[in-house]
Amino acid sequence: MTLFLVAGTAAPLAAAEQEVKLMGLGYFPQEVYVTVGDVVTFVNDSTVPMSATAIDATWDSGVLEPGESYALEVTDGMQGAFGDTYNTESTAAGLIDYVNPAPLELENNY
């Protein structure tokens, strides 16, 4: 009976955390695969200010100076495509995918 009570009071799974590095000319990784409730942290690992902004501007990291970070909770229906709106000539682009599983084929992973 004690085991049943302990198992019944188990804590829910914690949200996963993913990190995206702002690298000056782009993001690494460019695509992250998460689930709703996870947190994506953008870290400026470059020597120049950058941003990560949804293409529809529904979320925005603001300007991140080198070494600064921004945490974004993934919500259902949010825009996943993002880019750098601080540097107007930047072609940096990324995607937060919370709909599809990561395209990982273990038999081809050497």
Side-chain angles (χ1 to χ4, degrees):
M1 184 70 160
T2 302
L3 290 176
F4 177 73
L5 291 174
V6 171
T9 60
L13 294 175
E17 295 182 22
Q18 298 285 335
E19 185 174 280
V20 174
K21 293 183 183 282
L22 287 68
M23 306 291 291
L25 297 176
Y27 303 101
F28 182 79
Q30 288 181 321
E31 296 180 20
V32 290
Y33 294 87
V34 295
T35 58
V36 171
D38 288 353
V39 174
V40 177
T41 301
F42 296 90
V43 179
N44 188 342
D45 201 29
S46 73
T47 59
V48 297
M50 287 184 72
S51 71
T53 306
I55 61 169
D56 65 359
T58 53
W59 57 266
D60 186 357
S61 68
V63 177
L64 296 176
E65 296 292 333
E68 291 184 331
S69 64
Y70 170 77
L72 173 70
E73 182 176 349
V74 177
T75 59
D76 192 30
M78 70 178 275
Q79 174 58 251
F82 61 92
D84 181 6
T85 56
Y86 176 74
N87 300 302
T88 57
E89 296 180 14
S90 175
T91 59
L95 177 68
I96 299 170
D97 191 338
Y98 57 90
V99 176
N100 301 302
L104 179 63
E105 296 179 30
L106 294 177
E107 64 271 14
N108 294 327
N109 191 8
Y110 302 114

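Residues take their numbers from the sequence shown, with the count starting at 1.
Phe42 CZ to Glu19 CD: the interatomic distance, rounded to the nearest 0.5 Å, is 10.5 Å. Distance OH/Tyr70 to CG/Leu22: 12.0 Å, rounded to 0.5 Å. Atom OG of residue Ser69 and atom CG of residue Asp45 lie 11.5 Å apart, to the nearest 0.5 angstrom. Atom CD of Gln79 sits about 4.5 Å away from atom CG of Asp56, to the nearest 0.5 Å.
When all heavy atoms are compared, the tightest approach of Met50 to Gly24 is SD-N, 3.0 Å. Closest of all the heavy-atom pairs between Pro66 and Ser46 is CB-O, 3.2 Å.
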Using a 3.5 Å cut-off and no angle test, enumerate the donor-acceptor pairs between side-chain atoms of residues 92-100 and protein atoms at least two apart in sequence or in another chain.
unit_1: Asp97; atom_1: OD1; unit_2: Val99; atom_2: N; d: 2.9
unit_1: Asp97; atom_1: OD1; unit_2: Asn100; atom_2: N; d: 2.9
unit_1: Asp97; atom_1: OD2; unit_2: Asn100; atom_2: ND2; d: 3.0
unit_1: Tyr98; atom_1: OH; unit_2: Gly77; atom_2: N; d: 3.0
unit_1: Tyr98; atom_1: OH; unit_2: Met78; atom_2: N; d: 3.0
unit_1: Tyr98; atom_1: OH; unit_2: Met78; atom_2: O; d: 2.9

Result block: side-chain N/O donor-acceptor pairs under 3.5 angstrom for residues 26-36, not counting sequence neighbours:
unit_1: Tyr27; atom_1: OH; unit_2: Ser51; atom_2: O; d: 2.7
unit_1: Tyr27; atom_1: OH; unit_2: Gly83; atom_2: O; d: 3.2
unit_1: Tyr27; atom_1: OH; unit_2: Asp84; atom_2: N; d: 3.0
unit_1: Glu31; atom_1: OE1; unit_2: Tyr33; atom_2: OH; d: 2.7
unit_1: Thr35; atom_1: OG1; unit_2: Asp38; atom_2: OD1; d: 3.3
unit_1: Thr35; atom_1: OG1; unit_2: Asp38; atom_2: OD2; d: 3.2

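Cluster membership check: Val43 does not share its hydrophobic cluster with Val20, using side-chain heavy-atom separations under 4.5 Å among Ile, Leu, Val, Met, Phe, Trp and Tyr.
Between the side chain of Asn87 and the backbone N or O of Pro49 there is at least one donor-acceptor pair closer than 3.5 Å. With hydrogens and angles disregarded, no donor-acceptor distance shorter than 3.5 Å links the side chain of Trp59 to the backbone of Ala52.
With a 4.5 Å cut-off on side-chain heavy atoms, Glu65 and Asn44 do not count as touching.
For Glu73, the side-chain contact (heavy atoms from CB on, under 4.5 Å) test picks out no residue, with sequence neighbours left out.
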